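A short worksheet on the structure shown next.
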Amino acid sequence: MPELPDVEGFRRVLESCARGRVVRRVEVRDTGVLHGVGARGLRDALEGRRFAEPERRGKWLLARTDGPTLLLHFGMTGLLLCDDPDAPAAGPDAAPDAPATPPQAHDRVLFTLDDGHRLRYRDQRKLRGLWLAHDESDLDRLLARQGPDALTVGRDDLAAALATRRGRLKTTLTDQSVLAGLGNLLADEILWRARLRPDRRARDLTPAELRRLHARMRATLRSAVPAGRVPPRASWLTGHRDDPDPVCPRCGTPLRRTRMGGRGTVWCPRCQGDGD
DNA sequence: ATACCTCCCTGTGGGC
DNA sequence: TGCCCACAGGGAGGTA
């Protein structure tokens, strides 16, 4: 489920695959992922354009070109893939000029580049998709409701963002208008590391707790970003979400499972239970 | 204004 | 065996 580290990984895919390359062909295989633009409009806007330096903002990926900017959001099941044009054709029956890897059922939009590489936006569930921004004001309008980015936010700005929030800490951290980039798994992971109960009121954190939260958030993101995902390691809380009878990897206490803001929430009643 | 609820999307797995 | 439903969760939109 793409969160900040995943999208950072997709940014690297886009950068290495497409930066400096011209879009030769845009193939929309499912218009259901397009927002505010049709297949024809997307094609006309992007074919012949050259990809520039991509950018990530929260969970959004900005594919800048020398013209419009394509905005990608990956929802829960989205991916960005890059085909290697030098990979051997798939199977003995493949035509000589066939793409190395045929489109799969969930490949919704394909971008063929002038060097033969091909980008694929793949998404099983189509919860989000692709937007097109013709200029900076389009871009600002689409991203207007985002809070500061979780990867770069300073401690004081984080404190300020939480200071007025009466809601629960967990749901506040995943509210993109408060802080951009954290999803359900990261929020649980960070709160567990910071030893903070997810149902604390966001604005009630002490200065010491805010420092802890900020430090643990940074450390967690620093580990997850290079991996391009929230690593499901045994030493991480995330590594135990789906265990049948999960226990805390730190203290062995059975983990508690609740629902917060409609999302599954996992936390340790011992590590995160005291001191509030 | 803030906080919470329902729905969208699709595939999977459990229960009967 | 096959059907039905809950569930996964990012975010929009509506309501309290």
Side-chain angles (χ1 to χ4, degrees), chain A residues 1-11 28-37 56-62 71-80 103-109 120-131 133 141-151 160-192 197-205 221 224 228-230 232 237-246 255-267:
Chain A
M1 28 233 75
E3 309 180 58
L4 188 156
D6 309 76
V7 182
E8 194 58 34
F10 301 147
R11 190 193 59 74
V28 178
R29 306 184 78 243
D30 187 337
T31 56
V33 299
L34 300 186
H35 298 266
V37 64
R56 180 194 56 78
R57 293 199 203 167
K59 297 178 189 173
W60 288 90
L61 181 59
L62 280 59
L71 286 94
L72 303 92
H73 196 295
F74 300 91
M76 232 187 93
T77 52
L79 288 171
L80 190 65
Q104 304 204 355
H106 301 125
D107 287 344
R108 311 296 186 184
V109 183
R120 312 171 182 229
Y121 177 81
R122 179 180 297 177
D123 188 12
Q124 175 188 106
R125 288 173 62 182
K126 302 188 281 185
L127 287 173
R128 308 294 284 139
L130 273 44
W131 283 253
R141 183 172 43 76
L142 286 165
L143 303 178
R145 303 180 59 77
Q146 288 226 112
D149 193 273
L151 190 57
L162 301 183
T164 62
R165 293 284 161 168
R166 288 176 291 167
R168 291 165 171 166
L169 191 50
K170 157 78 181 274
T171 48
T172 303
L173 287 178
T174 54
D175 183 337
Q176 303 300 296
S177 71
V178 175
L179 185 67
L182 302 187
N184 197 45
L185 302 191
L186 271 174
D188 281 0
E189 185 72 39
I190 291 163
L191 290 175
W192 174 72
R197 282 176 65 122
D199 58 355
R200 290 282 300 279
R201 291 218 176 262
R203 67 176 179 184
D204 289 349
L205 296 196
L221 290 175
R229 61 192 297 205
V230 184
L237 180 71
T238 307
H240 301 276
R241 291 187 79 84
D242 300 326
D243 293 355
D245 294 298
L255 293 171
R256 197 163 294 172
R257 238 179 239 292
T258 51
R259 236 174 150 71
M260 235 168 262
R263 303 293 183 258
T265 300
V266 177
W267 54 288

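In what follows, every chain begins at residue 1, and chains take the letters A, B, ... in the order their sequences are listed. Computed from a predicted model, the values in this text were never measured in an experiment.
When rounded to the nearest whole Å, the span between CZ of A/Arg122 and C1' of B/dG11 equals 15 Å. The distance between atom CZ of A/Phe74 and atom P of C/dG11, rounded to the nearest whole Å, is 12 Å. In this structure, A/Leu71 places its CG atom 13 Å from P of C/dG11, rounding to the nearest Å. In this entry the distance linking CZ of A/Arg203 with P of B/dT2 reads 11 Å, nearest Å. Rounding to whole angstrom units, CG of residue A/Asp30 and C1' of B/dC9 are separated by 11 Å. The separation between A/Lys126 atom NZ and B/dC9 atom C1' is 7 Å, rounded to whole Å. Regarding A/Met76, its CE atom lies at a distance of 12 Å from the C1' atom of B/dT12, rounded to whole Å. As rounded to whole Å, 10 Å separates atom P of C/dG10 from atom CG of A/Asp188.
By the side-chain hydrogen bond (donor to acceptor under 3.5 Å, both in side chains) test, A/Arg257 pairs with no residue at all, sequence neighbours left out. Applying the side-chain hydrogen bond (donor to acceptor under 3.5 Å, both in side chains) rule to A/Lys170 yields the partners A/Asn184, A/Asp188, A/Thr265; only residues at least two apart in sequence or on another chain are considered. Scored by the side chain to side chain contact (heavy atoms under 4.5 Å, CB included) test, A/His73 finds A/Lys59, A/Trp60, A/Arg128, A/Trp131 as partners (sequence neighbours excluded). Legend: residues meeting side-chain hydrogen bond (donor to acceptor under 3.5 Å, both in side chains) with A/Asp6, ordered by chain and number and at least two apart, are absent.
Each of B/dG11, C/dA8, C/dG11 was ranked by its minimum atom distance to the side chain of A/Gln176; first place goes to C/dG11. The side chain of A/Arg128 has C/dA12 as its nearest neighbour among C/dA8, C/dA12, B/dT10.
The distance from atom CG of A/Asp204 to atom CZ of A/Arg168, rounded to the nearest 0.5 Å, is 13.0 Å.
Using a 4.5 Å cut-off on side-chain heavy atoms (C-beta onward), A/Thr172 and A/Arg166 make no contact. Within the 4.5 Å cutoff, side-chain heavy atoms of A/Pro103 are placed close to those of A/Arg29.
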Walk me through it: do A/Lys126 and A/Asp30 pass the test salt bridge (Lys or Arg N to Asp or Glu O under 4.0 Å)? CA-CA 10 Å; A/Lys126 302 188 281 185; A/Asp30 187 337; 2.9 Å; yes
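At the heavy-atom level, A/Arg259 lies under 4.0 Å from the strands shown only through sugar-phosphate atoms.
With salt bridges taken as basic N to acidic carboxylate O contacts below 4.0 Å, one links A/Asp107 and A/Arg120.
One axis for each end of the helix from B/dT2-C/dA16 to B/dC16-C/dG2, each built from five base pairs, and the angle between them comes to 50° at 10° resolution.
Here A/Lys59 reaches the OP1 or OP2 of C/dG11: one of its side-chain N or O atoms lies under 4.0 Å away. OP1 or OP2 of B/dC9 has not a single side-chain nitrogen or oxygen of A/His106 nearer than 4.0 Å.
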Using a cut-off of under 3.5 Å, enumerate the N/O to N/O pairs linking the protein to nucleotides 3-7 of chain B.
unit_1, atom_1, unit_2, atom_2, d
B/dA3, OP1, A/Arg166, N, 2.4
B/dA3, OP1, A/Gly167, N, 2.5
B/dA3, OP2, A/Arg165, NH1, 3.1

